[in-house]
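Please find one structure pasted underneath; my questions will follow.
Hydrogens, waters and symmetry mates play no part in the numbers below; they use all other heavy atoms, side chains included. First the proteins, then the strands, lettered A, B, ... as listed; each starts at 1.
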Protein chains: 2
Amino acid sequence: MGHASIVAMAPQVTDSLAFLLSKLGQVASERFAVHLAPLGLRPRHCAVLQLLAGAPLGQLALAKTISVAPSVVVDMLDELEALGAVRRVRDTADRRRQVVEITDKGRELGRSAALAAAQVDAELLGALEPGREGELRKTLTAAAGTLGLLPPR
Amino acid sequence: MGHASIVAMAPQVTDSLAFLLSKLGQVASERFAVHLAPLGLRPRHCAVLQLLAGAPLGQLALAKTISVAPSVVVDMLDELEALGAVRRVRDTADRRRQVVEITDKGRELGRSAALAAAQVDAELLGALEPGREGELRKTLTAAAGTLGLLPPR
DNA sequence: TATTGTTATACTCTATAACTATA
DNA sequence: TATAGTTATAGAGTATAACAATA
């Protein structure tokens, strides 16, 4: 007889965390998008609103912080500006820069988005034992943090 | 003082399970894709291989079971057939149907894919307390099952 | 007329590269 | 010449709808 394996390996692909996270992640985004649509928001806008709620930021700094291409930031800001959620302010000292500020409307949208996210959480885990949710959140937060997926607090 | 909330709500979008699952799911797929590439496989092929390992299936039944469009099934099967992983056999009783069978090569690829998935799991959770993994797998499996994301065992 | 599988097309999301205006 | 932001283009992935063969 050989050594017992130290880690529990998934015998099938569908038992792996990689597969489960992929599938659940896809469903989570889709449902989140549905709940955000009435607000005029898309999932990718949320990290921007949350980040700007902390402090104004230039577009390139923003792009780097949330790990998306600068061209995507332009697009997202066009949309958020159309909603009145953010303002682009030309930097008088360096006229190439646009400093992006959140508005009161933007803060309100951020709070509504958090409520929408909570509703999705309930949908995803409604059938689960209630006690598990906090623990799951903790574990996933730790994993996401380690992988550098979370904006700085 | 009001009632205490029964569920723990995430105060910020990035604390929500919806957000965490979306992000982790995206990373999981990307890394899984990287590990599968040398095998000529993509993540979406895996559920097909696993399903066919159980029993042969017509294409439409296959599409319905894994919840993808029939046109996507055509594409996936073209790729899997090119790898020698599956065979399309014309049904002699109903010549419209193609019955899809897995080959020995396909079974072998399925096993390799499971190993690749295990490697990704280790990457995603390497920094976590080891004990958490089994529990996380259990919780995610339950959630995925409830949402109908898992092929029948 | 309905069903199986296929093809053609379009849509979403993102990334890459070329461009402008400032520095 | 380098940088901030923008625009144009292309890629991956999926879904929708029109189509051919068979029932």
Side-chain angles (χ1 to χ4, degrees), chain A residues 18-19 22-23 25-34 36-37 40-48 52 56-82 86-101 149, chain B residues 19 22-23 25-37 40-48 52 56-82 86-101 149:
Chain A
F19 181 90
S22 300
K23 281 292 181 189
Q26 197 182 328
V27 171
S29 322
E30 284 166 7
R31 302 220 179 175
F32 193 26
V34 169
L36 287 178
L41 291 175
R42 292 195 281 157
R44 65 180 191 172
H45 295 132
C46 294
V48 176
L52 294 178
L57 221 50
Q59 292 190 199
L60 241 51
L62 208 165
K64 195 169 184 182
T65 307
I66 61 175
S67 299
V68 302
S71 59
V72 173
V73 170
V74 171
D75 209 41
M76 289 195 292
L77 292 181
D78 287 348
E79 292 163 343
L80 287 172
E81 212 166 28
V86 305
R87 253 190 309 269
R88 283 190 251 221
V89 182
R90 184 68 64 181
D91 184 344
T92 50
D94 179 347
R95 295 187 33 74
R96 291 173 304 182
R97 292 187 76 224
Q98 314 247 51
V99 177
V100 187
E101 298 172 352
L149 302 177
Chain B
F19 181 90
S22 301
K23 282 292 181 190
Q26 198 181 326
V27 171
S29 317
E30 284 166 7
R31 302 222 178 172
F32 192 26
V34 169
H35 282 269
L36 287 177
L41 291 176
R42 291 195 282 156
R44 64 180 194 173
H45 295 131
C46 293
V48 176
L52 294 177
L57 222 48
Q59 292 188 200
L60 239 50
L62 209 164
K64 195 168 182 182
T65 306
I66 61 175
S67 299
V68 302
S71 59
V72 174
V73 169
V74 171
D75 208 41
M76 289 194 292
L77 291 181
D78 287 348
E79 293 163 342
L80 287 172
E81 212 166 29
V86 305
R87 253 190 310 269
R88 282 191 250 223
V89 182
R90 184 67 65 182
D91 184 342
T92 50
D94 180 347
R95 295 186 36 73
R96 290 174 305 184
R97 293 188 73 223
Q98 312 248 51
V99 177
V100 188
E101 298 171 352
L149 303 176

Nearest to the side chain of A/Arg96, which nucleotide is it out of D/dA15, C/dT22, D/dG5?
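Nucleotide nearest to A/Arg96's side chain: C/dT22.
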Would you say D/dG13 has OP1 or OP2 under 4.0 Å from some side-chain N or O of B/Arg42?
yes
With nearest nucleotide decided by heavy atoms, which residue, A/Thr92 or A/Ala33, maps closer to the 5′ end of DNA chain C?
A/Ala33
A/Ala69, nearest nucleotide to its side chain (from D/dT14, C/dA15, C/dT6)
C/dA15
Taking the side chain of A/Leu60 as its heavy atoms from C-beta onward, which of D/dA15, D/dG5, C/dA15 lies nearest to it?
D/dG5
Checking D/dT14, C/dA23, D/dT7 against the side chain of A/Val74 (C-beta onward), the nearest is D/dT7
Nearest whole angstrom, please: distance from the C1' of C/dT6 to the CG of B/Leu62.
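Answer to the nearest Å: 16 Å.
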From B/Asp75 CG over to B/Arg44 CZ, what is the distance, rounded to the nearest 0.5 angstrom?
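Between B/Asp75 CG and B/Arg44 CZ, I get 5.0 Å after rounding to 0.5 Å.
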Hey, does the side chain of B/Arg88 come within less than 4.0 Å of C/dT6's phosphate (OP1/OP2), counting only N and O?
yes
If you assign A/Asp75 and A/Ala93 each to the DNA chain C nucleotide with the nearest heavy atom, which residue ends up on the more 5' nucleotide?
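Of the two residues, A/Asp75 wins.
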Under 3.5 Å, is there any donor-acceptor pair linking the side chain of B/Ser71 to the base of D/dT14?
no
Atom pair distance, as rounded to whole Å: CD in B/Gln26 and C1' in C/dC13
10 Å
Nearest-Å distance, NZ (B/Lys64) to C1' (D/dA15)?
18 Å
Among C/dT16, D/dT6, C/dG5, which nucleotide sits nearest the side chain of B/Arg97?
C/dG5
Rounded distance [0.5 Å steps], CG in B/Leu62 versus CG in B/Leu77
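Answer rounded to 0.5 Å: 6.0 Å.
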Which residue lies more 5' along DNA chain D, comparing A/Asp94 with A/Asp78 via nearest heavy atoms
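By nearest-heavy-atom nucleotide position, the 5'-most residue is A/Asp94.
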Would you tell me if any nitrogen or oxygen in the side chain of A/Gln59 comes within less than 4.0 Å of OP1 or OP2 on D/dT6?
yes
Testing B/Gln59, B/Glu81, B/His45 one by one against B/Met76 for a side chain to side chain contact (heavy atoms under 4.5 Å, CB included), which residue passes?
B/His45
So, does A/Arg95 get its side chain near the phosphate of C/dT20, meaning an N or O under 4.0 Å from OP1 or OP2?
no
A/Glu101: which of A/Arg87, A/Arg88, A/Arg90 passes salt bridge (charged side-chain N to carboxylate O under 4.0 Å, His left out):
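The salt bridge (charged side-chain N to carboxylate O under 4.0 Å, His left out) with A/Glu101 is passed solely by A/Arg87 among A/Arg87, A/Arg88, A/Arg90.
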Are OP1 or OP2 of C/dT6 and a side-chain N or O of B/Gln98 less than 4.0 angstrom apart?
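B/Gln98 to C/dT6 OP1/OP2: side-chain N or O found under 4.0 Å.
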Taking B/Asp91 as the fixed residue, which of B/Arg96, B/Gln98, B/Arg97 is the one that meets the side-chain hydrogen bond (donor to acceptor under 3.5 Å, both in side chains) rule?
B/Arg97
Please give, in whole Å, the distance from D/dG13 C1' to B/Ile66 CD1?
14 Å
Indicate, with a heavy-atom threshold strictly under 4.0 Å, whether B/Arg90 touches base, sugar-phosphate, or nothing.
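The answer is nothing, as B/Arg90 stays clear of every strand by at least 4.0 Å.
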